[in-house]
Every structure is written in structure tokens, then in C-alpha cells.
Amino acid sequence: MSKKITILLLILLTVAARGQDTVRITLDSCLRYAYSHNPAVRTAELSREAAAAALEQAWWNLTPSLSASAGADMAFFQGTTTTNTSYGAGASWTLFDGLNNVYRVRSSKAEQQRSDIGVEKSRNDVATQIINTYLEVLANQERSRYLGELNASARRQAEEAEARYNAGRLLESDYLLLKANWKRTESDMLNSDFVIENGIGRLRNLMGLGDSMAIAVVPMDDWQPEDGDWQVTVDSLPEMQMSRLELKKAEYQLNMAKGTHMPQLGLNAYATYYGGEHVRTDAGGMLVTSGGINTTISLGLTLPILNRGATRLQVKQARLAKQQAELQLHQTHDELQQTLNERLRTLKQARNTLEACEAMLQATQASLQTYQAKYEAGTVSASELLQQQERYLSALNDYVQNKYTYIISEKVLRIYLGKN
């Protein structure tokens, strides 16, 4: 079903690109499209294909190798032409090589598993970037909407102040303050639109759309905070699984290096057919010597004795690589645990402050409306009115920031839980 939705979204985006219409996208459709078109995800998928090819080759290394040959020669000596022909086929099979090929298969399997998880991790990384970008756009759109309402109010106040100032019923300082306030709110609103456009551009790139596509994000009007168990096991995260597989690969590489100390046993078989010797003389006669089949079977044992320390160095390097992989595994665990703890605390912090910020926003909005009425009645100055407006803007920014900080933290944790 999700594949059909992705295809439908692709059709809509293609039609929009031709008609230059704006396509409204939800967060879920944005993620689904990015999973198929984001360059980082596509690169991870290509790495997975390369790992699958390497594993296939590792399996082939366990099988015998076959070869065939054919030859012919012609000699000219004192008017006599001599030709010879031969054909052959052979096979060689390494029966024992210190289990190097076996460990190579296991290492390739681990790499394929790591590449599979790498695709998942790449999608999670892209999803995290898209969630942050998408919700930042929504946050700025919400701020822009409030700023638009505030700008309309500031413009009306400035126009009324100009009329009152021209009539001699308002101080010049109050008139200039209100006029400057209108220009400032207008500038804030326009700058907010630029921030939104930049966010849309980043979102297009993350989706793999390029700059020619016009898109608009759909607000999450039905969003509600979730009450659930956000405990996440670090060991289940893709980064930890990849680190464990890297340690396995290092262990297999060490075993392969140790295997070079062991003897190698190989089986070879070869069969040739000699077509005989053809001799042509000046008189046109021909002499053909008899041909035949020649077969050879050999069993060879190779025992390494001295290779100027190359094997010992290879084992040492492999052992050091294993130790580095072990250290990396512990470091990855600690870093992920710290990151996860910080995300959980950020989520709880945003949830704790969200209700307080909403209450403060409602209070400052009511206070601003009261002061606007008082200003119109002439009981407060423009300076007092603008102070209340600043309080309202500060409360608005706190509310929007904490609201979307909570949503982002919630969505990212869902990715860590594998619920995206």
C-alpha cells in the first residue's frame, strides 16, 4: 500500500513540475518519497548491492576453478612445413587454505548485514533531518501567521496614530513609536517568509526533488502529545548493530591472518589432447604422427616457512584492528546512551514547559488586547502598549519553540523505536 502511495505522490510531483503548481505534502508522504529518492539513501542501497556481489564472489571462491586451452603452431624449415595442434582442459581446487575462504564468506556475510542496517540507518538519518526541517518550516509558518495578525494591528494603530497626531491629539514621540513598530513587525513578517523559503529549499533537497519543484507543507492540526513508554534499548539501535558487525569482521580478518601460518592443500587435474604432427613436403605429401590424450592429476601441499615477517605483521595488524573495533563498540554504546538520555530529557522538558508556555501566551494575549483597548481610550501611552506587545511576542516565541521541540523529540524517538 505504501508503494502505491509513493507512486501516486511521484505522479503528482511530476504533474506539478510540468504545470508549475504547488504540491501540498504531509510529513509521512515527504518521508516515503525521500526513502526512494534521497541521494544518501540511494548511496547506501548501492553499497548494499556491492556487498551482496562481494558475498556471491566469496561463495564462488569455495568452488573449483576450470580452464580450457587450445594451441597450434606452424614451422617452416628448408621447404618443409610442420604443424602441431593441441587442446586441453584443467581444474584446480584449493582443499584447505587455513579456512581463509570460509572466514572470507563469514566476513562478507557480516558486511552484507552491516550494509542492510546501513540502509536503515541512512533512512533514519534522513528522516531525522526531514522531521527537523519540516517542523521548523511549520514553526516559522505559525510564527508568520501570528506576526501577520500583529502586523495588521500595528499598521492600523500607526494609521490611527498619524490621524490623531495630525489632529494634535497625540504626542509626536508616541506617533513615531507606533510607526516604527509597524515597520518592525512588517520586517519581522517578511524575514519570517524568507526563513520559510529557505526551509522549503532544504526540504526539497532532502527529498531529492531539486530546486524546480514547488511544494508546501501541510500543518499538523490534529497533533496531540503522546503518553507512552519512551524507554529505548541502546543495543537495538542500528549504530550498535553495525558496530557489533564491524567487530565480527575484525575477528574474521584476524582468523584469516592466522590462517596464513597454516599449510595449504590443493588439487589439480589437467587433460590434454595432442592432435599429432602434420608434415608437408615440396611434393605435396603429408605425414601425420599419432596423437593422443594426456592426463595429469596432482595433489600439492604448500607449507610457509619464512616470508620475511610479512605474516607476523599481518596478524599483528589484524589483532590491533580487532582491538580498535572493540573500543569503537564501547564508545558507540556510550555515545548513543548519552544521546538517547539527552533526547528523553529534552522530550520531558518540552512537555513540562509546553502547558506553562501556552498559559503564558493566552495571558499575554489577553493583556495585550486590554492595553490596546486602553490605548484607544487614551488611558495608556504607546510605550506601555508596545511593552505589552513585546511580552506577547516573547511568550509566542517560547510557546512555538517548545511546541515544535516537543514534536521533533517525539518524532525522532519514534524513529529510534522503529515506529516511523
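Numbers for residues simply follow the sequence, beginning at 1.
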Q. Taking C-beta and beyond as the side chain, do Glu239 and His333 meet within less than 4.5 Å on heavy atoms?
A. no
Here the gap from Ile196 atom CD1 to Asn191 atom CG, rounded to the nearest 0.5 Å, amounts to 11.0 Å
Side chains of Gln57 and Asn61: is there a donor and an acceptor less than 3.5 Å apart? yes
Any side-chain heavy atom of Asn352 within less than 4.5 Å of one from Gln349? no
Check: Given Thr332 and Gln328, is the side-chain contact (heavy atoms from CB on, under 4.5 Å) satisfied, shown in steps?
Finding: CA-CA 6 Å; Thr332 300; Gln328 184 62 47; 3.2 Å; yes
Tyr252 six-ring face occupied by Lys249 cation (under 6.0 Å, within 45°):
no
Asp28/Arg32 ion pair, N-O < 4.0 Å: no
So CD of Gln372 and CD of Gln157: to nearest 0.5 Å the spacing works out to 5.0 Å
In terms of heavy-atom contacts, Val400 and Ala139 come closest through CG1-O, 3.6 Å
*Just do the side-chain contact (heavy atoms from CB on, under 4.5 Å) check on Leu320 and Gln323 with the steps written out, would you?*
CA-CA 5 Å; Leu320 292 174; Gln323 294 174 356; 3.7 Å; yes
Stepwise side-chain hydrogen bond (donor to acceptor under 3.5 Å, both in side chains) check, Ser367 with Gln388:
CA-CA 7 Å; Ser367 177; Gln388 295 301 316; 2.7 Å; yes
To the nearest 0.5 Å, atom CG of Leu393 lies from atom CG of Leu368 at 8.5 Å
task = Answer whether the closest heavy-atom distance between the side chains of Tyr33 and Leu209 falls below 4.5 Å.
result = yes
Exercise for the section: Check whether any side-chain heavy atom of Tyr270 sits under 4.5 Å from a side-chain heavy atom of Ser69, and report yes or no. Expected result: yes
- Message: Would you say that Leu413 contacts Leu344 through its side chain, given a criterion of any heavy-atom pair below 4.5 Å between the two side chains?
- Response: yes
Next on the checklist: Using side-chain heavy atoms (C-beta onward) and a distance below 4.5 Å, is Thr185 in contact with Leu147?
Outcome noted: no
dist Leu135:CG -> Ile408:CD1 (nearest 0.5 Å) comes out at 5.0 Å
Nearest heavy-atom contact between Ala318 and Leu254 is CB-CA, 3.6 Å
Worked verdict on Glu159 versus Arg155 for salt bridge (charged side-chain N to carboxylate O under 4.0 Å, His left out): CA-CA 6 Å; Glu159 291 173 348; Arg155 178 178 181 178; 3.2 Å; yes
Here the pair of heavy atoms bringing Glu251 nearest to Lys322 is CG-CE, 3.7 Å
Within the 4.5 Å heavy-atom criterion, are Glu390 and Leu386 side-chain neighbours or not?
no
Quiz item: Is the shortest distance from a Lys or Arg side-chain nitrogen in Glu111 or Arg114 to a carboxylate oxygen in the other one below 4.0 Å?
Solution: yes
Rounding to 0.5 Å, atoms CE (Met207) and OH (Tyr35) come to a distance of 12.0 Å
Exercise for review: Run the numbers on Val105 and Asn101 for side-chain contact (heavy atoms from CB on, under 4.5 Å), then give the verdict.
Suggested key: CA-CA 6 Å; Val105 169; Asn101 282 331; 5.7 Å; no
Check your understanding: So, Arg244 side chain and Asp235 main chain: donor-acceptor pair closer than 3.5 Å or not?
Key -> yes
Margin query: Counting only heavy atoms from other residues, nucleotides and ligands, does the tally under 6.0 Å from CE of Met240 exceed 12?
Written below: yes
> Between Thr346 and Glu342, is there a donor-acceptor pair closer than 3.5 Å when you use the side chain of the first and the backbone of the second?
Replying inline: yes
- Do side-chain atoms of Ser144 reach the backbone of Asn140 as a donor and acceptor pair under 3.5 angstrom? no
All heavy atoms of Glu384 vs all of Tyr371, minimum pair found to be O-CD2, 4.1 Å
Any Thr272 side-chain heavy atom under 4.5 Å of Ser86 side chain:
no
Nearest heavy-atom approach of Ser65 to Ser92 is OG-OG, 2.6 Å
### Query
Is any NZ, NE, NH1 or NH2 atom of the basic residue among Arg42 and Glu45 found under 4.0 Å from an Asp or Glu carboxylate oxygen of the other?
yes
Is there a side-chain hydrogen bond (donor to acceptor under 3.5 Å, both in side chains) between Asn341 and Gln337? Walk through the geometry before answering.
CA-CA 6 Å; Asn341 291 338; Gln337 188 65 60; 3.2 Å; yes
Could you go step by step and tell me if Leu27 and Lys411 meet the side-chain contact (heavy atoms from CB on, under 4.5 Å) rule? CA-CA 10 Å; Leu27 178 58; Lys411 295 291 184 182; 4.2 Å; yes
Rounded to the nearest 0.5 angstrom, the CE-CD distance for Met262 and Gln264 is 10.5 Å
For Ile25, does its backbone N or O pair with a side-chain atom of Ser29 as donor and acceptor, under 3.5 Å? no
message: Side chains of Asn205 and Arg202 only: does a donor on one sit below 3.5 Å from an acceptor on the other?
response: no
Counting only N and O atoms by type, is there a donor-acceptor contact under 3.5 Å from the side chain of Thr133 to the main-chain atoms of Ile130? no
Quiz item: Thr364 side chain to Leu361 main-chain N or O, any donor-acceptor pair under 3.5 Å?
Solution: yes
**Message:** Any side-chain to backbone donor/acceptor pair from Thr63 onto Trp59? Under 3.5 Å, distance only.
**Reply:** no
Exactly one candidate in Asn151, Leu150, Leu177 meets side chain to side chain contact (heavy atoms under 4.5 Å, CB included) with Trp182; the answer is Asn151
Closest non-hydrogen atoms of Leu396 and Tyr146, given as atom of the first, atom of the second and distance, are CD1-CD1, 3.1 Å
Q) Any salt bridge between Glu358 and Lys403, counting N to O under 4.0 Å? A) no
### Message
Please check this pair: side chain of Asn402 against backbone of Leu354, looking for a donor-acceptor N/O pair closer than 3.5 Å.
### Response
no
